[in-house]
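Structure record follows, encoded as structure tokens.
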There are 2 protein chains.
Amino acid sequence: MDTIPIAEAAAELDVSVRTLRYYDAIGLVAAQRDGSGYRRYGDGELHRARAVLQWRAMGFTLEEIRLLESGDTSHRAAALRRRAQELRSELDRLGSALDSVNGMLEQLPETTQAGIQKEGEADMDNEYAEEAYERWGNTDAYKESARRTASYGETEWNSIRAETARIERAASDLLREGVSAEDEAAMDVAEDHRLSIDRWFYPCSYEMHTALATTYVSDPLFRQHYEDVAVGLADYLSAAITANALRMTQG
Amino acid sequence: MDTIPIAEAAAELDVSVRTLRYYDAIGLVAAQRDGSGYRRYGDGELHRARAVLQWRAMGFTLEEIRLLESGDTSHRAAALRRRAQELRSELDRLGSALDSVNGMLEQLPETTQAGIQKEGEADMDNEYAEEAYERWGNTDAYKESARRTASYGETEWNSIRAETARIERAASDLLREGVSAEDEAAMDVAEDHRLSIDRWFYPCSYEMHTALATTYVSDPLFRQHYEDVAVGLADYLSAAITANALRMTQG
DNA sequence: CTTGACCCTGACGCCACGTCAGCCTCTACC
DNA sequence: GGTAGAGGCTGACGTGGCGTCAGGGTCAAG
């Protein structure tokens with residue numbers, strides 16, 4: 001047997017010596033002993049310790065780990081699901097805490113670094129718009145979109161919002177009613193969608209439209225936006241857009 | 001003076017009686033005493049306690065709070081920034097933990113929970129999810145995203161919504177304050193954004209992230225979404241994401 | 001035989017309270 | 001005046017996952 005002393009094992013596992021002694025004390029990772037009472041770690045012990053550390057990295061307590069290691073698989077699945085739930089609420093809590101901290105930072109009067117906004121904001125818009133242009137201005141869609149939206153005011157944006165909301169409502173109504181995405185009604189909504197983009201932003205071909213549809217399902221934020229409106233709407237709208245493109249270009 | 005006994009103060013502040021006694025003992029929130037040694041809380045004490053609880057909600061230790069309450073404003077700003085940094089790394093750690101848990105759950109052979117869900121809705125989801133898969137399933141991002149989101153329920157989507165809202169707020173706050181998109185704070189938010197996608201949807205490399213940023217500025221609906229949150233946010237976030245990717249891959 | 005590196009056990013400290021145990025005070029009712 | 005019950009008080013111990021001594025044993029090198 002090629003066993004190693006505790007310091008080497010600790011280095012190998014990237015934990016402290018104290019930690020290994022503690023695990024030994026509570027019987028979580030038992031160590032062998034040599035003639036003079038020194039702990040010795042072999043492959044088995046290291047393997048077991050690594051498993052323990054893996055559970056620990058998931059945030060389980062040592063007591064929970066003891067149960068996990070002795071229990072059966074169904075028990076594990078349940079524990080994992082519970083733990084995932086706990087982690088999520090923990091993430092929520094920390095996220096809110098970070099919000100509060102950021103809120104506090106703003107309120108502090110002496111965080112007055114940089115800009116006096118009045119002029120700042122307008123310049124800022126231009127600044128980043130220009131940056132964006134330099135980086136991605138070569139795509140025609142962006143150029144045209146930027147050109148048109150430049151002249152839009154509050155009234156126009158309100159119209160756009162209202163129209164978008166209307167289209168999304170129409171689509172989610174169809175989805176809820178169980179109408180197939182290949183149904184004419186669904187494809188009509190998709191066509192409305194395309195025309196809306198065409199009107200407000202840039203010439204939207206069927207090819208461009210299906211490319212957008214790809215984004216709707218593959219980009220998480222899009223999915224989320226549509227998920228907020230109705231469950232499964234992103235997939236539904238994508239399917240309708242594709243069906244519509246097929247109908248228009250081939251049928 | 002209209003003072004109230006400890007139980008009422010505890011109810012008012014939504015903490016335990018023990019907590020108030022502890023705060024009294026360590027001199028953090030000192031209580032008045034009546035003739036027979038009972039603690040009494042007036043407006044001043046309640047106000048002070050609320051301030052303490054606010055700091056506590058941000059994750060400061062009681063010792064730190066003692067310093068914050070006695071220190072000057074510049075000290076506070078520094079402490080808040082440090083705390084924000086700590087919270088971010090804490091969020092990272094928990095996010096990784098959640099990743100590991102989810103990874104474990106998948107590996108388990110008997111994850112046979114599947115659908116007992118009302119059939120109708122589930123079938124609908126599956127139907128269009130499968131269609132989407134056939135059309136765009138070749139992209140890894142979509143595959144991974146679909147696989148993960150399949151198991152998400154209301155709680156998960158709520159978490160995602162909360163996290164996304166938090167990040168967007170953080171970004172728009174910075175934009176409003178006039179912080180440059182190349183500033184560390186802005187890049188930190190961009191990194192948060194990337195990690196959020198990484199956690200909830202699919203492995204998001206810096207390259208993938210910059211590709212997403214392109215979409216944010218060039219796609220009208222994205223622009224509109226961000227325009228609703230804050231004027232110029234799409235461009236700002238894109239710039240921050242690009243800067244962050246540069247920092248991480250080159251710096 | 002000394003030196004210094006490593007090992008051992010046992011004990012206390014930490015943080016923000018929860019949870020007794022044992023006793024005191026006030027109000028309401030008899 | 002007695003008594004019951006609600007609420008108050010202090011002091012002490014427990015929690016988890018170790019870090020950090022204190023006091024001592026073991027081992028290889030010089």
Side-chain angles (χ1 to χ4, degrees), chain A residues 3-42 45 48-69 83 86-87 90 93-94 97, chain B residues 3-42 45 48-69 83 86-87 90 93-94 97:
Chain A
T3 60
I4 55 177
I6 193 168
E8 279 182 45
E12 175 77 22
L13 296 165
D14 198 26
V15 297
S16 73
V17 170
R18 176 70 175 99
T19 297
L20 286 183
R21 280 205 268 254
Y22 182 62
Y23 289 177
D24 192 11
I26 65 175
L28 192 56
V29 179
Q32 308 172 34
R33 300 296 183 118
D34 70 5
S36 56
Y38 284 21
R39 289 180 185 80
R40 293 249 129 206
Y41 290 83
E45 286 78 16
R48 183 160 168 78
R50 264 187 279 267
V52 166
L53 293 175
Q54 210 174 349
W55 292 118
R56 193 188 63 166
M58 299 180 199
F60 287 101
T61 69
L62 299 186
E63 185 54 34
E64 285 170 325
I65 294 173
R66 189 203 307 282
L67 295 176
L68 281 167
E69 291 277 88
R83 185 76 199 120
E86 290 167 11
L87 281 171
E90 193 69 9
R93 276 203 21 249
L94 285 189
Chain B
T3 60
I4 54 176
I6 193 168
E8 279 183 45
E12 175 76 22
L13 297 166
D14 199 25
V15 298
S16 73
V17 170
R18 177 69 175 100
T19 296
L20 286 183
R21 280 204 269 253
Y22 182 62
Y23 289 178
D24 192 10
I26 65 174
L28 192 56
V29 180
Q32 308 171 33
R33 298 299 181 116
D34 70 4
S36 56
Y38 283 21
R39 290 179 184 80
R40 293 248 128 206
Y41 290 83
E45 285 78 16
R48 185 161 168 78
R50 263 187 280 268
V52 166
L53 294 176
Q54 211 174 348
W55 292 117
R56 194 188 62 167
M58 300 180 199
F60 287 100
T61 69
L62 299 187
E63 186 53 34
E64 285 170 325
I65 293 173
R66 190 204 307 283
L67 295 177
L68 281 168
E69 292 277 88
R83 185 75 199 122
E86 289 168 13
L87 281 171
E90 193 68 8
R93 277 204 19 250
L94 285 191

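In what follows, every chain begins at residue 1, and chains take the letters A, B, ... in the order their sequences are listed. The structure presented is a predicted model; accordingly, all values stated were derived computationally and were not measured.
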query: So, do Leu53(B) and Tyr23(B) sit near enough that their side-chain heavy atoms are less than 4.5 Å apart?
result: yes

- prompt: Got a sec? Which of residues 17-25 of chain A come in under 4.0 Å of DNA chain C, heavy atoms?
  reply: Arg18(A), Arg21(A)

Touch class at under 4.0 angstrom, heavy-atom based, for Arg40(A) against every strand present: nothing

task: Using the heavy-atom set of chain B and a strict 4.0 Å cut-off, write down the first and last nucleotide of DNA chain D that makes it in, 5' to 3'.
output: dG7(D) to dA12(D)

task: Output all residues satisfying salt bridge (Lys or Arg N to Asp or Glu O under 4.0 Å) with Arg56(A), sequence neighbours left out; order by chain, then residue number.
output: none

Listed partners of Arg18(A) passing side chain to side chain donor-acceptor pair (under 3.5 Å), at least two apart: none

query: Between Arg39(B) (side chain) and Leu20(B) (backbone), is there a donor-acceptor pair under 3.5 Å?
result: no

- prompt: So, are Arg48(B) and Glu45(B) salt-bridged, with charged N and O less than 4.0 Å apart?
  reply: no

- prompt: Between atom CG in Leu13(B) and atom P in dC17(C), what is the gap in whole Å?
  reply: 13 Å

- line: Between its two end axes (five pairs each) the helix from dC1(C)-dG30(D) to dC30(C)-dG1(D) turns, nearest 10 degrees, through 30°

field: With sequence neighbours excluded, residues passing ring-ring contact (aromatic ring centres under 6.0 Å, His included) with Phe60(B)
entry: Trp55(B)

statement: Arg40(B) meets the salt bridge (Lys or Arg N to Asp or Glu O under 4.0 Å) criterion, sequence neighbours left out, with none

query: For DNA chain C, whose closest nucleotide is more 5', that of Arg39(A) or that of Ser36(B)?
result: Arg39(A)

- prompt: What residues form a side chain to side chain contact (heavy atoms under 4.5 Å, CB included) with Arg93(A), not counting sequence neighbours?
  reply: Glu90(A)

- line: So OG1 of Thr3(A) and OH of Tyr38(A): to nearest 0.5 Å the spacing works out to 14.0 Å

Indicate every side-chain donor-acceptor pair of residues 7-15 of chain A with a distance under 3.5 Å to a residue at least two apart or in another chain.
none

task: Under 4.0 Å from any atom of DNA chain D, heavy atoms only: list the residues of residues 54-63 of chain A that qualify, in numerical order.
output: Arg56(A), Thr61(A), Leu62(A)

query: Heavy-atom distance under 4.5 Å between the side chains of Glu69(B) and Val29(B), does that happen here?
result: no

- prompt: To the nearest angstrom, how far is Gln32(A) atom CD from dC8(C) atom P?
  reply: 13 Å

message: Any base atoms under 4.0 Å from Ile6(A), or only sugar-phosphate, or nothing? Heavy atoms, all strands.
response: sugar-phosphate

query: Which one, dT25(C), dC17(C), dC7(C), comes nearest to the side chain of Ser16(B)?
result: dC17(C)

Atom pair distance, as rounded to whole Å: CG in Leu28(B) and P in dA16(C): 10 Å

message: Restricting to side chain to side chain donor-acceptor pair (under 3.5 Å), what partner residues turn up for Gln54(A), sequence neighbours left out?
response: none

With sequence neighbours excluded, residues passing side chain to side chain donor-acceptor pair (under 3.5 Å) with Arg21(B): none

